[in-house]
Amino acid sequence: MPELPDVEGFRKVLAGCARGRTIEQVDVRDAGVLHGVGAGRLSRDLEGRRFTELERHGKWLLAHTGGPTVQFHFGMTGRLVCAHADDAPHAHDRVLFTLAGSRQLRYRDQRKLKGLWLAGDPEAARLLDEQGPDALAVSRADFDAALTGRRGRLKAALTDQSLLAGLGNLLADEILWQSRLHPSRSTGSLTDGERAELYRTMRRVLRTSVRAAQVPPRDDWLTGHRDAPDPGAPCPRCGTRLRAGRAAGRTTYWCPHCQPAPD
DNA sequence: ATAGGTGTTTCTTT
DNA sequence: AAAAGAAACACCTA
């Protein structure tokens, strides 16, 4: 599930659950989610420390400790949960951080496509160098700079994390639909006015989604109609049947009337 | 029982 | 050279 709004929600979960509290014990129940570090060193390096700054960039969450930094990526199914240390763990709880005051932060992940990295600050900085500007923080000028000079399709550009960090499949479709731009428009063909509208819409969609800690499946948004049965739900704006297809390697929904096809 | 999913990487093809 | 496409990763649901 996690796109920028979900990860921002996890940042708040981590802050409320763990910030400032001593990490008493790290229990790795499935080492399959650890990358570049084993269970032993993860525990040894974190136990006795506390989480300090909690930084989100795109879909990455970085938890600083004053020593090593824990880098979380949630893949498709990862999440953070705050529980009581005595609560029975969930089947998909892969790593448990027991904190002072009997709280327990849990990395829960069904599919284990990503997980946790442990890095020194220089390495954490290098990770962020490979990411484009955060979609929630990017200025209009940097947004323009990211999109100009691209030759591919618009949806591929919006979901390319090295160009702009944080947008996933749902957000890209929602933003394009609200902007009335077809996912297959070539990025370079946008007028200045269209880019301005795209930027404004992206900010509005992100603001609403961050408040909900997800892309909300609202009836008056495209997202509310993705899982409609075969014939395709009507566009909430004009009633035309929504189309589904493939773009940037992912299932993509759009309204053939509101989002005119290029060519 | 096969397909597909709010993600990314890597390899191959255009 | 850049971009699109397909497969792989792991697991569950329809």
Side-chain angles (χ1 to χ4, degrees), chain A residues 1-11 29-36 56-61 71-80 90-95 107-117 127-132 134-136 146-178 182-189 202 205-206 208-218 221-230 232 244-254 262-263:
Chain A
M1 306 145 126
E3 302 179 69
L4 185 156
D6 310 82
V7 179
E8 182 61 19
F10 302 151
R11 192 183 68 77
R29 306 180 79 236
D30 187 337
V33 299
L34 301 185
H35 299 266
R56 184 195 55 73
H57 187 97
K59 300 174 189 173
W60 284 94
L61 179 58
Q71 305 174 157
F72 294 92
H73 194 293
F74 300 92
M76 295 270 267
T77 50
R79 53 186 295 205
L80 287 177
H90 184 280
H92 300 141
D93 284 340
R94 313 296 186 182
V95 182
Y107 179 75
R108 182 173 299 177
D109 191 352
Q110 175 198 116
R111 288 171 68 181
K112 303 189 285 182
L113 292 174
K114 290 286 168 181
L116 284 68
W117 284 250
L127 166 76
L128 297 188
D129 283 347
E130 293 164 7
Q131 297 277 300
D134 183 79
L136 193 57
L147 292 189
T148 49
R150 277 284 290 201
R151 283 188 298 175
R153 301 175 210 265
L154 197 44
K155 174 152 180 183
L158 291 181
T159 54
D160 182 339
Q161 304 300 299
S162 69
L163 229 57
L164 190 63
L167 306 186
N169 197 35
L170 257 59
L171 276 171
D173 281 3
E174 188 64 42
I175 292 164
L176 288 170
W177 176 75
Q178 291 197 24
H182 193 282
S184 296
R185 276 287 295 278
S186 89
T187 307
S189 77
M202 177 180 77
V205 168
L206 282 175
T208 304
S209 300
V210 164
R211 225 179 297 132
Q214 64 173 115
V215 189
R218 291 164 49 151
W221 280 24
L222 179 69
T223 341
H225 305 277
R226 293 185 74 88
D227 298 324
D230 257 32
R246 208 112 183 123
R250 311 299 306 278
T251 301
T252 300
Y253 289 82
W254 72 95
D263 309 330

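In what follows, chains are A, B, ... by sequence order, proteins preceding strands, each numbered from 1.
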Near DNA chain B, under 4.0 Å by heavy atom, which residues of residues 156-174 of chain A? A/Gln161, A/Gly168, A/Asn169, A/Leu170
Validation row: A/Asp30, A/His92 side chains within 4.5 angstrom (heavy atoms): no
Does a side-chain N or O of A/His92 approach OP1 or OP2 of C/dC12 to a distance below 4.0 Å, or not? yes
Just how far, in rounded Å, is P of B/dT9 from CD of A/Glu130? 8 Å
DNA chain B: A/Glu3 or A/Trp60, which has the more 5' nearest nucleotide? A/Glu3
Within a strict 4.5 Å, meaning less than it, do heavy atoms of the A/Tyr253 and A/His225 side chains meet? no
State the pairing partner of B/dT2; accept Watson-Crick or G-U wobble contacts with both distances under 3.5 Å, and report none otherwise. C/dA14
Spacing of A/Tyr107 atom OH relative to C/dA10 atom C1', expressed in whole Å: 12 Å
Between P on B/dT8 and CG on A/Leu4, what's the gap in Å once rounded to a whole number? 11 Å
NZ/NE/NH1/NH2 to OD/OE distance under 4.0 Å, A/Asp134 and A/Arg56: yes
Give one of base, sugar-phosphate or nothing for A/Gly249, where a contact means two heavy atoms less than 4.0 Å apart. nothing
Can you tell me the distance, in whole Å, between the CD atom of A/Gln131 and the C1' atom of B/dT8? 11 Å
In whole Å, what is the span from the CH2 atom of A/Trp117 to the C1' atom of B/dG7? 11 Å
For A/Thr251 and A/Arg246, which I'm curious about, is there any donor-acceptor pair between the side chains at under 3.5 Å? yes
Looking at B/dG5, does its base get a donor-acceptor pair with the side chain of A/Arg250 below 3.5 Å? no
Can you check the A/Arg79 CZ to C/dC11 C1' distance for me, whole Å? 16 Å
State, yes or no, whether a side-chain contact exists between A/Phe74 and A/Lys59 at a heavy-atom distance under 4.5 Å. no
Less than 4.0 angstrom between a side-chain N/O of A/Lys112 and OP1 or OP2 of C/dC9, yes or no? no
Once you apply a heavy-atom cut-off of 4.0 Å, does A/Arg151 come out as touching a base, just sugar-phosphate, or nothing? sugar-phosphate
Below the 4.0 Å mark, does B/dG7 have OP1 or OP2 next to a side-chain nitrogen or oxygen of A/Arg111? no
So does A/Glu3 get a backbone contact from the side chain of A/Asp6, meaning a donor-acceptor N/O pair under 3.5 Å? yes
Does A/Arg111 reach the main-chain N or O of A/Thr77 with its side chain, forming a donor-acceptor pair under 3.5 Å? no
Are A/Lys114 and C/dC9 close enough that a side-chain N or O sits under 4.0 Å from OP1 or OP2? no
A/Arg150 CZ to C/dA4 C1', straight-line distance once rounded to whole Å: 11 Å
Write down the distance between CG (A/Asp109) and P (B/dT8), rounded to a whole number of angstrom. 13 Å
With a 4.5 Å cut-off on side-chain heavy atoms, are A/Pro5 and A/Leu171 touching? yes
Under 4.0 Å between a side-chain N/O of A/Thr77 and OP1 or OP2 of C/dC12, yes or no? no
B/dT8 to C/dA1 separation - C1' atoms, rounded to the nearest Å: 22 Å
